[in-house]
Each structure stands twice: as structure tokens, then as C-alpha cells.
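The basis for the numbers below is simple: all heavy atoms, side chains too, and nothing from hydrogens, waters or symmetry mates.
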Amino acid sequence: IDLCQNGPVQKQDPETKTEPLGVCLYSFAYGTLPFPGRSVFETLDAISANKLKFPGPFDEHLQDLLERMLERNPESRITIAEIREHPWVTQNNTYYMVSKEENCSNVVGSITEDDVNNTVEHIYDIMPVILAVAKLRRFRRRIREKREKERLAAEQQTRVDSG
């Protein structure tokens, strides 16, 4: 997002570097990228124009959090500390978030080369992965089609009720 701004890219405080988290959260919540495009250029145009759309069910707190995480201006962007206190994260203060100090009190020691090498398993046959991705896409398409049918039925019922 920062690379799509005019002028030189300024170094940011890691506390305000929340847009990658926002992209991940948006993708998890809606099953698509926040700034879709059929090409890199279309994606960059969408980011530059800040054309953020929210498909699917409306959640006021989630939308607010995503808009603030994906804010183009780093000075206006939500910080990690603010995310920890956001109503969507805490479910309107229903859930307790441990403090940063408590959360970071038991830091893992140094990471070895063996740790890195054992983190990701080698995939020797890519075909099962391709088939799983295809199956997931079909599943998500069926869900989108079902939601669209439900939305159209609700619109039609609203017209019948008001007519």
C-alpha cells in the first residue's frame, strides 16, 4: 500500500506497519484480496484509488478495523497497540487481551538452522496440493452462489412485502 503513494517511501515505525495484517485479515474474512485486480497494474490502481469494498455480511467493527489497518496514510493508520484494544478484537471488551509485557515475557531462545529447515516440509508431489486448491475454490464458489441466491431471495421478499 505504501509503495503506491506518490513521492519517496519513508521508513515506518513497525508499530504502524499494519497493512500486511489487514490484507491477511481481509482475505480470511472475505476469501478474496482487499484490492483485487486481473493484473498487477489493476491491483495497483485499486490500491492507489483506495477502492476498498466489503462483500458478504456486514460487521461494523470488522469494517472499521480493516479500513484503519489498510489506511494509506501511515500517520493515520491504526497501530498494533490500538488493534489490541479494538472492539472487534476484544468483542466489545468481552475478551481480555494479555498485556504486551506479559505476552512477550517468555521469549523463545535463538532459532537454529535445524529449526528453520524443519519448519516447512518438502512437497515431493505437487498434484495433491493443486487438487486441494481446486476443491477449495469449488467450495468457495458454491458458498458465494448460495449467498447470492439468499440475497436475491431477500430482495425479492422485501419488494413483495413493500409492494
Enquirer: Is there a side-chain contact between Arg68 and Glu82 (heavy atoms, below 4.5 Å)?
Expert: yes
Enquirer: Please give the remaining members of the hydrophobic cluster of Ile111, linking ILVMFWY side chains under 4.5 Å, ordered by chain and number.
Expert: Val116
Enquirer: Using the test side chain to side chain contact (heavy atoms under 4.5 Å, CB included), find all partners of Asn93 that sit at least two apart in sequence or belong to another chain.
Expert: Thr90
Enquirer: My understanding is that only residues two or more places apart in sequence, or in another chain, count here; which of them pass side chain to side chain donor-acceptor pair (under 3.5 Å) with Asp64?
Expert: His86
Enquirer: By the salt bridge (Lys or Arg N to Asp or Glu O under 4.0 Å) test, which pairs, at least two apart or in different chains, include something from residues 32-50?
Expert: Arg38-Glu42
Enquirer: With sequence neighbours left out, write down each residue that passes side chain to side chain contact (heavy atoms under 4.5 Å, CB included) with Thr112, or none if nothing qualifies.
Expert: Asp114, Asp115
Enquirer: Using distance only, find each side-chain donor-acceptor pair of residues 132-147 under 3.5 Å and give its atom names and separation, not counting sequence neighbours.
Expert:
from, atom 1, to, atom 2, distance (Å)
Arg140, NH2, Gly31, O, 2.9

Enquirer: With Glu85, which residues qualify under side chain to side chain donor-acceptor pair (under 3.5 Å), at least two apart?
Expert: none
Enquirer: Only counting residues at least two apart or in another chain, list the ones meeting side chain to side chain donor-acceptor pair (under 3.5 Å) with Gln157.
Expert: Asp161
Enquirer: Under a 3.5 Å distance rule, please check whether Thr18 uses its side chain to pair with a backbone N or O of Ile78 as donor and acceptor.
Expert: yes
Enquirer: What residues form a side chain to side chain contact (heavy atoms under 4.5 Å, CB included) with Leu152, not counting sequence neighbours?
Expert: Glu148, Glu155
Enquirer: For a 4.5 angstrom cut-off between non-hydrogen side-chain atoms, does Ile80 reach Leu21?
Expert: yes
Enquirer: Thinking salt bridges, do Lys17 and Glu19 make one under a 4.0 Å N-O criterion?
Expert: yes
Enquirer: Could you tell me which non-hydrogen atom of Val89 sits nearest to which non-hydrogen atom of Ile83, and how far apart they are?
Expert: CG2-O, 3.2 Å
Enquirer: Does any N or O in the side chain of Arg77 come within less than 3.5 Å of the main-chain N or O of Glu71, such that one atom is a donor and the other an acceptor?
Expert: yes
Enquirer: With sequence neighbours excluded, what pairs up with Ser105 under the side chain to side chain donor-acceptor pair (under 3.5 Å) test?
Expert: none
Enquirer: Glu113: which residues meet the salt bridge (charged side-chain N to carboxylate O under 4.0 Å, His left out) condition with it, sequence neighbours left out?
Expert: none
Enquirer: Can you list the residues that meet the side chain to side chain contact (heavy atoms under 4.5 Å, CB included) rule with Tyr96, with sequence neighbours excluded?
Expert: Val98, Glu102
Enquirer: If every non-hydrogen atom of Val23 is compared with every non-hydrogen atom of Leu33, which pair is closest and at what distance?
Expert: CG1-CD2, 4.2 Å
